[in-house]
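Proteins come first, then strands; the chains are lettered A, B, ... in the order of their sequence lines, and each starts at number 1.
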2 protein chains.
Amino acid sequence: MVRSNPLMIWWALSGTGTRQVSKTETATARPLTSRQLAALIGVSQSAISRAFTPGSSISSDLRSKILMAARDYGYRPNAIASMLTTRRTNIVGVVVSDMQNPFYPALLAQLTQGLQAAGLQSLFFNISPGASIEDQLHAIRTYNVDAVVIISATVLNERMLTWATEGRRSILLNRLGHEDITTVCCDNTLGFRSLVDHLFETGRRRIGYVAGFTTSGVGLVRYSAFTTRLAELGMRLVGTSTRQAYTHEAGRLSTLDLIPLEPDAIVYASDILALGGIETIRMAGRAKDIAVTGFDDIPMASWPGYSLTTYRQPVREIVDRTVELLLATDIGPPQRHTLQGELMIRATTDPAGWADVPPSA
Amino acid sequence: MVRSNPLMIWWALSGTGTRQVSKTETATARPLTSRQLAALIGVSQSAISRAFTPGSSISSDLRSKILMAARDYGYRPNAIASMLTTRRTNIVGVVVSDMQNPFYPALLAQLTQGLQAAGLQSLFFNISPGASIEDQLHAIRTYNVDAVVIISATVLNERMLTWATEGRRSILLNRLGHEDITTVCCDNTLGFRSLVDHLFETGRRRIGYVAGFTTSGVGLVRYSAFTTRLAELGMRLVGTSTRQAYTHEAGRLSTLDLIPLEPDAIVYASDILALGGIETIRMAGRAKDIAVTGFDDIPMASWPGYSLTTYRQPVREIVDRTVELLLATDIGPPQRHTLQGELMIRATTDPAGWADVPPSA
DNA sequence: ATTTCCTATGAATGCGATTTCATTGCAATG
DNA sequence: CATTGCAATGAAATCGCATTCATAGGAAAT
């Protein structure tokens, strides 16, 4: 709908613009305001506002007249102005700290889509090494976001968290151990129990474990679920290793520690660690003996070259629940939402062994 | 260059933490307004505003008095309100369409960090299949973002683009062929010429090509640079294949088409395609004969298990240039910025061949 | 000492909507 | 027919800050 716009003419004649309108400077043409539109079609400014406010007291005749005029003149309500009076921004602050781990971009993409579908925009706060955490938390408050969703806030301590989220709806994704904030999290315990069960059923008994962060809530829960189930089934924990990171390299290195301990399976705290582990195990030519499991089910896990047995995080459900909580009219006390994932059995736990040759010379 | 940001001042004076907040700051209580603070310490509201506005006419005595009071009472300027008067939001709309390709999350992470460092926030617009493009473009305008950065807008057509970006500073990353918008892009031509040169020098002569989108500007430029250099060096193009996508699977499938043509090297339009190709080539046991090159240098390319020869996109430089352009005070006509990357020589072009065994049974 | 010129400040005026309040007209009721 | 009640509309008052305007008080200049 590229129709010639009376607005431009109006502005040109109105004399408000003493600036020279250059070709590149169309930026300065200010959009029509509700008052101007009202004047143009001879109604009150209130009427314009009502026409755009569902459920307000206005006749459908007048409303449609206004909406058509708005379309013709290219008027659209200024969101900033309405934020000021309604004190609602329809903006959700999304705090991200770890974009290295491929799981998070995937989660992020779905989350923003889910929010968009609900009419919410996402304002990004990147809390990563190199970014100023203080400034970002500060911005969360001055921009008056309606809500805050924190994705894996391993960087934030409890006090920062409560300060940043104070007074606004907020949800912590994939993190545990915070009393004051509602959390939505995959069922890590069930996940690791399933993985151990699967290893047991496929005949593995001597298990190694590679952790990411051993300090975070999720990290602890995963390890604890793992060891508990191991003990219940009478399996042996041959060793644990960590590099305090969820990266491919950390997976490679930690696996080097474990191989000498002769495990017949290694459980990794996340897929990205497991992918690193696969590489080390292949280099060592041990793929025939050592089963591998991950956690997350990132896209790479299902690539034929890896075919990693893992536990799928229910990303869709996490996102849906999150959006649902954000839209709920009544906010109760902080809640814990635990969503069930799914065991994805692939080649790396095949009792017959998987590829035992290093992929690269 | 860092834009002077009122918030910086606040933080500078606020100390490193240990805010002494009066207990009056309950969640339900509305935040203090400048007028209230003014009344509390007996100055005018204008003074409060000036205290937070760098370069405004105010004595340093009064300013520091106000800033300290602000800290004590927990006052902070309401960004929404100031947007209304200044007509500047300090928000950049970031339009993303393809989060599947790992290159984009990486670019995105760096971009948001670069913007943050310059005092700009990023509002996300996810234009992906499943999201309503119309709604998102609409939102870009009603939220009055200061600028728009579009990352790989393969989904948007020319008319949508101009409509969405009309009247605001906007930059297109990694896309070519748009006259009206400033673009910042890696030097694709140089990149593909370098790759071909490298293949020539390492003795390859029969080359295959796997494309992503063959319709996009970047896709065309890459292919054209590739074939041109091939001809110049008298090398032979044995075949081309595409699945119209930049995915691992597309790489796998396209490679299946090419292998029967007996190439001694395959050039892929991007790393993610090449990774898929590596898999197919390994399965076929042809890694000894077929060299592989990618483009982007995503993290996975340097994993030992792949060790993919590729051309690094200068992400840091792209981000820096973008931020610089956004902060520039004078906007000229649309410009083309082409930044040079770097040839990353790894194992997949080793004349001796790389791993020739399928990594997974 | 008088004039001039700044600088620092306060008062007042928007920014562009939402929302309350008051008013009008018309239908329904007695 | 008079009265009540409701729906639709306009006028006016915010919302919280930025900025212009007006002014008081000094310092500098004469």
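Mapping A/R63 and A/Q45 onto DNA chain D by nearest heavy atom places A/R63 at the nucleotide closer to the 5' end. When each of A/S57 and A/R35 is assigned the nucleotide of DNA chain D with its nearest heavy atom, A/S57 is the one assigned upstream, toward the 5' end. The residue among B/V43 and A/F52 whose nearest nucleotide of DNA chain C lies closer to the 5′ end is B/V43.
One can find a donor-acceptor pair under 3.5 Å joining the base of D/dA11 and the side-chain atoms of A/S46.
The heavy-atom pair separating B/P105 from B/M99 by the smallest distance is CG-O, 4.1 Å.
Comparing the axis of the opening five pairs of the helix from C/dA1-D/dT30 to C/dG30-D/dC1 with that of the closing five pairs yields an angle of 40°, rounded to 10°.
If you walk DNA chain C from 5' to 3' and mark each nucleotide with an atom closer than 4.0 Å to a heavy atom of chain B, the marks span C/dA8 to C/dG16.
Spacing between atom CD1 of B/I58 and atom C1' of D/dT19 amounts to 14 Å, rounded to whole angstrom units. Taking atom OH on B/Y75 and atom C1' on D/dG16, their separation rounds to 7 Å, with Å as the unit. What separates CG of A/N144 from P of D/dC17 is a distance of 10 Å, to the nearest Å.
B/S128 contributes a side-chain N or O that, together with a main-chain N or O of B/S97, makes up a donor-acceptor pair within less than 3.5 Å. For the pair A/S170 (side chain) and A/V148 (backbone), a donor-acceptor distance under 3.5 Å is absent. A donor-acceptor contact shorter than 3.5 Å links the side chain of B/R168 to the backbone of B/V145. Proximity of a side-chain donor or acceptor of B/R169 to a complementary backbone N or O of B/L325 within less than 3.5 Å is detected.
Within the 4.0 Å cut-off from OP1 or OP2 of D/dG16, at least one side-chain nitrogen or oxygen of B/R30 is found. For A/S59 and D/dT9, the shortest distance from a side-chain N or O to OP1 or OP2 is below 4.0 Å.
Heavy atoms of other residues, nucleotides or ligands lying less than 6.0 angstrom from CZ of B/R316 number 12 at most.
Within 4.0 Å (heavy atoms only), A/R87 reaches sugar-phosphate atoms of the nucleic acid but no base atom. If you check every strand for non-hydrogen atoms under 4.0 Å, B/T86 touches sugar and phosphate atoms only.
Within residues 77-85 of chain A, the residues having any heavy atom under 4.0 Å from DNA chain C are, by residue number, A/P77, A/N78, A/A81, A/S82, A/L84, A/T85.
Side-chain N/O atoms of B/T89 and B/D146 include a donor and acceptor closer than 3.5 Å. A donor atom on one side chain and an acceptor atom on the other are not found under 3.5 Å apart for A/Q335 and A/T182. For the 3.5 Å distance criterion, the side chains of B/Q136 and A/Q116 qualify, holding a donor opposite an acceptor.
For B/Y75 and B/F52, the ring centers sit closer than 6.0 Å to each other.
Note that CD1 of B/I80 is 12.0 Å distant from CZ of A/R88, once rounded to the nearest 0.5 Å.
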